[in-house]
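Okay, so here's the structure we're looking at.
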Amino acid sequence: MAQTPLCEIPILQAPVASAAGAHLCAAVSNAGGLGSVSLTWRDEEDTRQILSNVRALTDKPFYANFVLHFNPTHFGVALDAGVPIVTFSWGNPAGLVKDARSAGTKVGVQVTSAESAKRMLELEPDFLIAQGVEAGGHVQSVNPLTQVLTDVVSVAGDVPVFAAGGLATGADLARMMHIGAAGGVFGTRFVASTESDAHPWYRSALVEASPLDTVLTTCFNGEWPNAAHRVLQNSTYLAWEAAGCPSPGNRPGEDEPTGFTAEGIPVPRYDNAMPRFDMTGNHEAMALYAGTSIGKLGSVIPAANIVQLIWNQACAILPEIAVTE
Ligand SMILES: Cc1cc2nc3c(=O)[nH]c(=O)nc-3n(C[C@H](O)[C@H](O)[C@H](O)COP(=O)(O)O)c2cc1C
């Protein structure tokens, strides 16, 4: 079997915010892929807790992501807790890479063009992630993945590049590896897995939707204004769009929460929180992040089966990637 520099099977579970807890992360890593947790919106205590929970479930490598639009005040806590790999998106981690190196932590950086890749390569990362505009969640890229990947691979030299955005199948992975990717990053596919912390209604909606149901928008801008995100078109989005995409203060239904967190805190209608399994209310009206891979997700199955299915399909198409190195 091919050995990637990071894990046994070159399938990375994308950071998918609160949809990935320790169980999903560990399930992917235990299956030979690379699971992840998003640490951006966690405090120090939460960070220690989730990293310790992952470690209790797997002794395989995994990674933690920081979105650098937000200040990573707890980055040192993650390093002290021994996180083996970190990735950064939406910013330049120049000041953080040295600390990661000193802690023996590998570093990956998300890029969206040859120019951004060249800038990030100056930091000597262990790997790059090339994100395309097809991605679910917040979308840093404006160009299609095949273009971004081709451009990034052309400047990356020996640094492995992983492809992210709209991938769901082994054929997708084989296509990316044929272009030169070291592997694929799958977000939406793992949100629709058994171990995901996404609400069961949201997981079903993902597997039942068609690719035309996603839209790139700035509709759900609570806590992170003006950052484009790809979501399923739902009642909140359609009412906002029909009203001419008005600014905060003039948006349809913005005084009515769409639901409540497990702690009973109201979820504002245009909040960027996705429906977690422990939220109550109108899940359909919340931010339903989804990449263009919907329509080819299959059903909600265990993460280990997803890894195996994608890998078996990819190896059948590109047998050379399965060769032991
Ligand atoms: C629900 C959800 C949450 C996400 N949260 C993050 C995040 O916290 N940090 C980040 O860098 N990317 C985040 N992303 C984007 C992913 O890293 C990745 O680029 C994307 O999932 C790839 O596209 P796909 O969903 O079509 O597989 C998120 C994506 C989704 C679907």
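Reckoned from all heavy atoms, side chains included, excluding hydrogens, waters and symmetry mates. All ligand and atom numbering here is 1-based and tracks the order in the structure.
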Pairing residues for Glu284 by the side chain to side chain donor-acceptor pair (under 3.5 Å) criterion, not counting sequence neighbours: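 Listed in chain order: Ser235.
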Side chain proximity check, Val83 to Val37, heavy atoms < 4.5 angstrom: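 The answer is no, as the side chains (C-beta and beyond) never meet within the 4.5 Å cut-off.
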Ligand 1 versus [X]: contacting region, heavy-atom distance under 4.0 Å:
{"X": "Ala19", "value": "neither"}
{"X": "Thr188", "value": "both"}
{"X": "Arg189", "value": "neither"}
{"X": "Ser38", "value": "side chain"}

Modelled atom types, side-chain donor and acceptor of Asn65 and Thr87, under 3.5 Å: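 Checked: Asn65/Thr87 side chains pair up, N/O donor to acceptor below 3.5 Å.
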Pair Asn30-Thr58, side-chain donor/acceptor within less than 3.5 Å: yes
Between [options], which one has a non-hydrogen atom sitting closest to [atom]?
{"atom": "atom 14 (N) of ligand 1", "options": "Ala14, Pro15, Gly165", "answer": "Pro15"}
{"atom": "atom 15 (C) of ligand 1", "options": "Gly187, Gly137, Gly136", "answer": "Gly136"}
{"atom": "atom 26 (O) of ligand 1", "options": "Ala163, Gly166, Ser141, Ser36", "answer": "Gly166"}

[Y] backbone acceptor or donor facing [X] side chain under 3.5 Å:
{"X": "Arg269", "Y": "Asp255", "value": "no"}
{"X": "Arg203", "Y": "Val191", "value": "no"}
{"X": "His229", "Y": "Phe220", "value": "yes"}

Candidate list Ser193, Cys25, Ser196, test side-chain contact (heavy atoms from CB on, under 4.5 Å), partner Gln13, passing option: Cys25
Sole candidate of Ile317, Asp172, Ile321 that passes side-chain contact (heavy atoms from CB on, under 4.5 Å) when paired with Met177: Ile321
Within-shell test, Thr40 vs ligand 1, heavy atom, strictly < 4.0 Å: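 Outside the 4.0 Å threshold, so no.
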Compute the shortest N/O to N/O distance between [X] and ligand 1 and return yes if it is under 3.5 Å, no if not.
{"X": "Asn65", "answer": "yes"}
{"X": "Thr292", "answer": "no"}
{"X": "Trp41", "answer": "no"}

Heavy-atom contacts with [X] under 4.0 Å: which atoms of ligand 1 show up? List them by number with element.
{"X": "Phe186", "answer": "27 (O)"}
{"X": "Gly291", "answer": "26 (O)"}
{"X": "Ser89", "answer": "10 (C), 11 (O)"}
{"X": "Gln131", "answer": "19 (O)"}
{"X": "Met274", "answer": "1 (C)"}
{"X": "Ala135", "answer": "19 (O), 20 (C), 22 (C), 23 (O), 26 (O)"}

Tyr63-Phe127 aromatic ring centre distance below 6.0 Å: no
Residue from Trp224, Phe88, Trp41 passing ring-ring contact (aromatic ring centres under 6.0 Å, His included) with His69: Trp224
